[in-house]
Amino acid sequence: MDIPRIPLGDWIEGGLTWLTSEYSLVTRGISRFTQTGIDVLNDSLMWLPEWALLGLIALLCWKLAGTRLAIGAAAGLALIWNLGLWNPMIETLTLVVFATMVAVVIALPVGIAAALSNRLYRVIMPILDFMQTMPAFVYLIPAIPFFGIGSVSAIFATVIFSMPPAIRFTTLGIRQVPVELIEAADAYGATRGQKLFKVQLPLSLPTVMAGINQTIMLALSMVVIAAMIGADGLGSEVWRAIQRLRPGDGFEAGIAVVILAMLLDRLTQSLRKTRQ
């Protein structure tokens, strides 16, 4: 007995075709706005001389985490500069910062709503499981028909891929606030908004910052992969080295990615400890 094959792929393609044709004006507007933001941030970082930006980042590391991280950041960034990968590093940093900001702006309200509503929590957790287990390369496929080849598609795919940890950790942090403190706030007549902004969010802030840290790391990994759809930065250097069979250039770009990842990770961890 032959069981007919479910045309799931055809349904998905038809849905994407319908969305891109019906909402082309919306996607073009989003694409122009996003590209403008990327260009402004990237040009601002490029405007600073290499030594000046290096010094500012080292100073920020010293303020947040101490001398050791400042020396390590200065040495790592100096190596990237020496390898001739400064501009690709800035382009990667721009994409990561922009994608992280968009992901956090979306994730925090969703995480707060899921923490306060059991019904929404039961709905959104399976969706987050699906988003986190889906292979990263799959997110590149729908980005192209919506936004075309380039940085905007990379931002779209990166936001979708990196958003789940921020939602999960925000929900977890708020739900882990001790019940006794919530009851004490109720006893003092606190409103729902006062409980949220004066009790739950401040106490859950270290957990929320841990989620943002994971979002940044996932965004960096996805931005590198997004070089396959035309995103600029260190990922494009790795992709170009693969195409030209130049392992030395690929390892240089990979080392630059590692340095940037370690720098962002240590900075966000230091910020989380300071807030805690």
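Below, all heavy atoms of this structure are taken into account, side chains as well, without hydrogens, waters or symmetry copies.
Under the rule for a ring pair (Phe, Tyr, Trp, His ring centres under 6.0 Å), Trp11 has no partner lying at least two apart in sequence or in another chain. When the salt bridge (Lys or Arg N to Asp or Glu O under 4.0 Å) test is applied to Arg32, no partner is found at least two apart in sequence or on another chain. Considering only residues two or more places apart in sequence or on other chains, Asp232 meets the salt bridge (Lys or Arg N to Asp or Glu O under 4.0 Å) condition with none of them. Ile259 meets the side-chain contact (heavy atoms from CB on, under 4.5 Å) test with Leu79, Ile80, Ile255; sequence neighbours excluded. With sequence neighbours excluded, the residues forming a side-chain contact (heavy atoms from CB on, under 4.5 Å) with Ile71 are Thr67, listed by chain and number. Contacts of Phe169 classified as ring pair (Phe, Tyr, Trp, His ring centres under 6.0 Å), with partners at least two apart in sequence or in another chain: none. Qualifying side-chain contact (heavy atoms from CB on, under 4.5 Å) partners for Val105, counting only residues two or more places apart in sequence or in other chains: none. The side-chain contact (heavy atoms from CB on, under 4.5 Å) search around Leu203 returns Val177, Leu181, Val199, not counting sequence neighbours. Under the salt bridge (Lys or Arg N to Asp or Glu O under 4.0 Å) criterion, Arg240 pairs with Glu237, sequence neighbours left out. For Asp43, there are no salt bridge (Lys or Arg N to Asp or Glu O under 4.0 Å) partners, not counting sequence neighbours.
Leu196 and Val179 fall into different hydrophobic clusters, defined by Ile, Leu, Val, Met, Phe, Trp and Tyr side-chain heavy atoms under 4.5 Å apart, directly or through other members. The hydrophobic cluster containing Phe137 also contains Met134, counting ILVMFWY residues as joined when their side-chain heavy atoms lie under 4.5 angstrom apart, directly or transitively. In the hydrophobic clustering of ILVMFWY residues, with side-chain heavy atoms under 4.5 Å counting as a link, Val238 and Phe251 come out apart. No path of Ile, Leu, Val, Met, Phe, Trp and Tyr side chains, each step under 4.5 Å between heavy atoms, connects Val102 with Phe33, placing them in separate hydrophobic clusters. Grouping the Ile, Leu, Val, Met, Phe, Trp and Tyr side chains by contacts below 4.5 angstrom, directly or via other members, places Leu172 apart from Tyr121.
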Audit row: Arg168, Gln132, side-chain contact (heavy atoms from CB on, under 4.5 Å) steps and yes/no: CA-CA 11 Å; Arg168 284 187 183 276; Gln132 289 189 286; 2.5 Å; yes
side-chain contact (heavy atoms from CB on, under 4.5 Å) between Trp86 and Leu53, worked out: CA-CA 11 Å; Trp86 186 265; Leu53 184 58; 3.8 Å; yes
CA sep, side-chain torsions, deciding dist, call: Asp39, Gln35, side-chain hydrogen bond (donor to acceptor under 3.5 Å, both in side chains): CA-CA 6 Å; Asp39 292 340; Gln35 189 62 56; 3.0 Å; yes
Test log, rule side-chain contact (heavy atoms from CB on, under 4.5 Å), inputs Phe98 and Thr34: CA-CA 9 Å; Phe98 200 92; Thr34 304; 3.6 Å; yes
Candidate pair Val208 and Leu108, rule side-chain contact (heavy atoms from CB on, under 4.5 Å), full reasoning: CA-CA 9 Å; Val208 174; Leu108 289 184; 3.7 Å; yes
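Here the closest non-hydrogen pair linking Ala154 and Ile229 is N-CD1, 4.0 Å. Minimum heavy-atom separation, Pro206 to Pro202: CD-O, 4.2 Å. In plain terms, the two heavy atoms of Thr171 and Gly111 that are nearest each other are OG1-O, 3.0 Å. Between Val159 and Ala103, the shortest heavy-atom distance links the atoms CG1-CA, 4.1 Å. The two atoms that bring Pro165 and Gln214 nearest to each other are CB-CB, 3.8 Å, heavy atoms only. Closest approach of Ala114 and Ile124 over heavy atoms only: CB-CG2, 3.9 Å.
Side-chain atoms of Ser236 come within 3.5 Å of backbone atoms of Gly233 as a donor-acceptor pair (strictly under, hydrogens ignored). Ser204 places no side-chain N or O within 3.5 Å of a backbone atom of Thr207 that could act as its donor or acceptor partner. For Thr215 (side chain) and Met163 (main-chain N/O), no donor-acceptor pair under 3.5 Å exists by modelled atom type. With hydrogens and angles ignored, the 3.5 Å screen pairs no side-chain donor or acceptor of Ser117 with any backbone N or O of Ala113.
Looking only at side-chain heavy atoms (C-beta outward), Met89 and Leu77 come within less than 4.5 Å of each other. Counting only heavy atoms from C-beta outward, the side chains of Thr92 and Val257 never approach each other to under 4.5 Å. Two residues are said to be in side-chain contact when any heavy atoms from C-beta on lie closer than 4.5 Å; Ile90 and Glu50 fail this criterion. Taking 4.5 Å as the limit, some side-chain heavy atom of Leu140 sits within range of a side-chain heavy atom of Met222. Counting heavy atoms from C-beta on, the side chains of Arg192 and Leu116 come closer than 4.5 Å.
Atoms CG and CG, from Leu48 and Leu54 in turn, are 11.5 Å apart once rounded to the nearest 0.5 Å. Taken to the nearest 0.5 Å, the CD1 atom of Ile216 stands 8.5 Å off from the CG atom of Asp265. A distance of 10.5 Å separates CD1 of Ile155 from CZ of Phe147, quoted to the nearest 0.5 Å. Atom CG of Leu220 is separated from atom CG of Leu264 by 6.5 Å, given to the nearest 0.5 angstrom. Between atom OG1 of residue Thr94 and atom CD1 of residue Ile38 there is a gap of 8.5 Å, rounded to the nearest 0.5 Å. Between atom CG of residue Leu93 and atom CD1 of residue Ile57 there is a gap of 6.5 Å, rounded to the nearest 0.5 Å.
Counting non-hydrogen atoms of neighbouring residues, nucleotides and ligands closer than 6.0 angstrom, the CE atom of Met262 reaches no more than 12 such neighbours.
Within the structure, salt bridge (Lys or Arg N to Asp or Glu O under 4.0 Å) pairs that include any residue of residues 143-157 do not occur (at least two apart or interchain). Here salt bridge (Lys or Arg N to Asp or Glu O under 4.0 Å) pairs that include residues 71-83, with residues two or more places apart or in two chains, number zero.
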